[in-house]
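Counting begins at 1 with the first residue of the sequence.
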Amino acid sequence: MEEREKEKRKERKTEGKIIDGKEKITSDENVKIVQNFYDGSVETEWARIADKPEFILTCRKLDKYIKPGDKVLDIGGGPGRYSFYLAEKGCDVTLFDLSPENIAHVKKHSKESGINVRAVCGDAREVDVQINSHAKGDKSETEQFDHVLIMGPLYHLLEEMDRIKAIEAALTLLKPGGTFFAAFISMSGGLVFGLRDLPHAFADPDEERFLVPLAKGESYGGRAFTQAFFINQHEVLPFMSQFGLEKLHLFGQESVLAPNIHTFMEQPPEVKEAMLDLAEKLCEKDEYLSWAEHLMYIGRKYKERNI
């Protein structure tokens with residue numbers, strides 16, 4: 001077992017350093033790992049949520065607040081599923097993402113489809129500076145959006161200070177009274193995924209790095225499908241309470257459908273619609289949050305913050 005672990009550590013050199021038996025990487029190393037992962041999975045990400053409950057139920061929530069003509073910033077928007085959905089309904093959309101390959105995909109699809117989505121490449125922790133450096137007109141004025149989405153970055157920033165920095169940078173770009181949408185991968189969501197799609201992982205000693213904090217009711221940041229942060233569902237609201245936002249919703253993006261997603265996808269349209277309607281009714285109930293893989297917080301910016 002000792003020799004096997006040594007070999008596994010050698011294979012993971014690109015993912016960081018082992019210090020005192022624990023993996024430790026710098027923020028810059030973490031960013032590069034995540035960037036490389038998404039550069040190599042553009043088409044997979046583009047297809048991943050198409051026609052899935054995560055996308056459909058989230059769009060139902062977005063539609064309650066985002067209207068045609070609104071100005072939207074999609075931070076960590078990947079290859080652009082949500083951005084193109086919102087642009088097609090008449091919104092002025094800017095997508096901001098870490099991956100140059102995602103940005104290239106967005107620009108190509110925008111040109112080919114005729115659906116206009118502006119795309120900017122950069123680090124979410126500096127989104128305010130980088131968006132404003134690309135803004136047209138008076139550079140002395142901060143660009144403001146009616147709605148800001150931040151999904152992907154909160155999946156991958158391992159340190160709390162970095163997650164705080166990214167959210168505060170995003171909020172400088174949100175108008176007072178605007179809506180803020182923040183998505184997280186939950187610890188229970190990691191469990192749901194493992195039980196559904198990777199049952200063999202539970203017999204892998206290396207998975208203890210995730211299973212131990214899961215059993216303790218803690219959050220986890222480290223190696224997963226790439227470098228990833230999984231949050232205990234009970235930590236979402238305390239974390240988000242520090243940002244000067246009025247809480248509107250906390251819901252499971254897949255709701256109760258995540259454990260049985262494969263069964264859902266096999267159903268005829270009328271059954272899918274009935275399942276989605278039920279899932280929407282249950283998606284904000286505390287007792288069902290743990291069924292979902294992703295949690296979304298929606299808040300309203302009701303006061304200015306000194307950042």
Quiz item: Do Val31 and Ile75 share a hydrophobic cluster, counting only Ile, Leu, Val, Met, Phe, Trp and Tyr and linking them when any side-chain heavy atoms are less than 4.5 Å apart?
Solution: no

Self-check item: More than 12 heavy atoms of other groups within 6.0 Å of Lys281 NZ
Solution: no

Practice problem: Mind listing the closest non-hydrogen atom pair of Leu173 and Val127 along with its distance? | Solution: CD1-O, 3.9 Å

Exercise. Please report the closest heavy-atom contact between Ala182 and Met240, naming both atoms and the distance.
Key: CB-CE, 4.3 Å

Quiz item: Is the shortest distance from a Lys or Arg side-chain nitrogen in Glu45 or Arg48 to a carboxylate oxygen in the other one below 4.0 Å?
Solution: yes

Quiz prompt | Residues Asp277, Arg60: salt bridge by 4.0 Å N-O rule | solution = yes

Quiz item: Do Asp51 and Lys272 sit within salt-bridge range, that is, some charged N less than 4.0 Å from a carboxylate O?
Solution: no

Quiz prompt | Hphob cluster co-occupancy, Tyr288 + Val236, side-chain heavy atoms under 4.5 angstrom | solution = no

Self-check item: Single hit among Phe184, Phe210, Tyr155 for ring-ring contact (aromatic ring centres under 6.0 Å, His included) with Phe230
Solution: Phe210

Exercise. Please go through Leu198's hydrophobic cluster and name the other residues, only I, L, V, M, F, W, Y counting, with side-chain heavy atoms under 4.5 Å joining them.
Key: Phe193

Practice problem: Examine distances only and state if a side-chain atom of Gln35 and a backbone atom of Leu98 form a donor-acceptor pair shorter than 3.5 Å. | Solution: yes

Exercise. Check for a donor-acceptor pair, side chain of Thr58 on one end and backbone N or O of Phe55 on the other, with a separation under 3.5 Å.
Key: no

Quiz item: Quick one: are Val106 and Phe84 in side-chain contact, heavy atoms under 4.5 Å?
Solution: yes

Exercise. Look up atom CZ in Phe180 and atom NZ in Lys247, then write down how far apart they are to the nearest 0.5 Å.
Key: 16.0 Å

Quiz item: If you group Ile, Leu, Val, Met, Phe, Trp and Tyr by side-chain heavy-atom gaps below 4.5 Å, do Leu211 and Ile231 land in one group?
Solution: no

Quiz item: Do His147 and Tyr65 have their ring centres less than 6.0 Å from each other?
Solution: no

Quiz item: What is the distance from atom CG of Leu257 to atom CD of Glu280, rounded to the nearest 0.5 Å?
Solution: 11.0 Å

Practice problem: Output, in order, the C-alpha distance, side-chain angles, deciding distance and verdict of side chain to side chain contact (heavy atoms under 4.5 Å, CB included) for Ile66 and Leu149. | Solution: CA-CA 11 Å; Ile66 304 177; Leu149 288 61; 4.3 Å; yes

Quiz item: Does the distance from a Lys or Arg side-chain N to an Asp or Glu carboxylate O, for Lys165 and Glu159, drop under 4.0 Å?
Solution: no

Quiz item: Under the side-chain hydrogen bond (donor to acceptor under 3.5 Å, both in side chains) criterion, do Asp74 and Tyr85 qualify, and how do the steps go?
Solution: CA-CA 11 Å; Asp74 183 6; Tyr85 171 80; over 6 Å; no

Quiz item: Taking all non-hydrogen atoms of both residues, which atom of Met187 and which atom of Pro213 are closest, and how far apart?
Solution: CE-C, 4.0 Å

Quiz item: How are the rings of Phe239 and Phe243 set to each other: parallel, tilted or perpendicular (split at 30° and 60°)?
Solution: perpendicular

Quiz item: Under 3.5 Å, side chain of Glu207 to main-chain N/O of Ala203, donor-acceptor pair present?
Solution: no

Quiz item: Backbone N or O of Ala292 within a donor-acceptor pair of the Gln253 side chain at under 3.5 Å?
Solution: no

Self-check item: Closest non-hydrogen atom pair, Ser99 against Cys121
Solution: C-SG, 4.1 Å

Quiz prompt | Distance, nearest 0.5 Å, that separates CG of Leu295 from CD of Glu254 | solution = 8.5 Å

Quiz prompt | Salt bridge present between Lys52 and Glu293 (N-O < 4.0 angstrom) | solution = no

Quiz item: Should Gln242 and Ile164 count as side-chain neighbours, where that means a heavy-atom distance under 4.5 Å?
Solution: yes

Quiz item: Would you say Val72 and Tyr82 are hydrophobically clustered, going by side-chain heavy atoms of ILVMFWY under 4.5 Å?
Solution: yes

Exercise. For Arg300 and Leu248, indicate whether the former's side chain and the latter's backbone hold a donor-acceptor pair under 3.5 Å.
Key: no

Exercise. Return the set of residues passing salt bridge (charged side-chain N to carboxylate O under 4.0 Å, His left out) with Glu101 (not counting sequence neighbours), or none when no residue passes.
Key: none

Quiz item: Roughly how far, to the nearest 0.5 Å, is CD of Glu168 from CZ of Arg125?
Solution: 14.0 Å

Practice problem: Flag yes if Tyr220 and Phe229 sit in one hydrophobic cluster, no otherwise; membership is Ile, Leu, Val, Met, Phe, Trp, Tyr, and two members link when side-chain heavy atoms are under 4.5 Å apart. | Solution: no

Exercise. Only one of Leu73, Thr94, Asp92 passes side-chain contact (heavy atoms from CB on, under 4.5 Å) with Arg118; say which it is.
Key: Thr94

Exercise. May I have the step-by-step check of side chain to side chain contact (heavy atoms under 4.5 Å, CB included) for Trp291 and Val192, ending in yes or no?
Key: CA-CA 7 Å; Trp291 290 48; Val192 166; 5.7 Å; no

Self-check item: Nearest-0.5 Å distance, CZ of residue Phe181 to CD1 of residue Ile150
Solution: 13.5 Å

Practice problem: Kindly indicate, with the supporting measurements, whether the criterion side chain to side chain contact (heavy atoms under 4.5 Å, CB included) is fulfilled by Ile33 and Thr226. | Solution: CA-CA 7 Å; Ile33 291 167; Thr226 182; 3.5 Å; yes

Self-check item: Min side-chain heavy-atom separation Val117-His109 under 4.5 Å
Solution: no

Practice problem: Taking His249 for its side chain and Ile298 for its backbone only, find out whether a donor-acceptor pair lies under 3.5 Å. | Solution: no

Exercise. Begin with the C-alpha distance, continue with both residues' side-chain angles, and end with the deciding distance and a verdict on ring-ring contact (aromatic ring centres under 6.0 Å, His included) for Phe225 and His156.
Key: CA-CA 11 Å; Phe225 58 99; His156 301 296; 5.8 Å; yes

Quiz item: Are more than 12 heavy atoms from other residues, nucleotides or ligands located less than 6.0 Å from atom NZ of Lys107?
Solution: no

Quiz item: Which distance, rounded to the nearest 0.5 Å, do you find between the CG of Leu86 and the CG of Asp63?
Solution: 7.5 Å

Exercise. Determine yes or no for a side-chain-to-main-chain donor-acceptor pair under 3.5 angstrom, with Arg163 supplying the side chain and Leu157 the backbone.
Key: yes

Quiz item: Would you say the side chain of Val212 lies within less than 4.5 Å of the side chain of Lys216, judging by non-hydrogen atoms?
Solution: yes

Exercise. Carefully, step by step, assess Leu195 and Phe202 under the rule side chain to side chain contact (heavy atoms under 4.5 Å, CB included).
Key: CA-CA 8 Å; Leu195 290 170; Phe202 294 95; 3.8 Å; yes

Quiz item: Can you name the closest pair of heavy atoms from Thr26 and Glu29 and give their distance?
Solution: N-OE1, 2.9 Å

Practice problem: Salt-bridge test for Asp146 and Lys71: reply yes if a basic N is under 4.0 Å from a carboxylate O, no otherwise. | Solution: no

Self-check item: Residue pair Ser186 / Gln233, side-chain donor-acceptor N/O under 3.5 Å
Solution: no

Quiz prompt | Full working for side-chain hydrogen bond (donor to acceptor under 3.5 Å, both in side chains) between Asn232 and Ser219 | solution = CA-CA 5 Å; Asn232 180 288; Ser219 297; 5.9 Å; no

Quiz item: Any idea which heavy atoms bring Leu57 and Ala279 closest together, and the distance?
Solution: CD1-CB, 3.9 Å

Quiz item: With a 4.5 Å limit on heavy-atom distance, are the side chains of Leu154 and Ile167 in contact?
Solution: yes

Quiz item: Is Gln144 reaching over with its side chain to a backbone N or O of Thr172, donor-acceptor style, under 3.5 angstrom?
Solution: yes

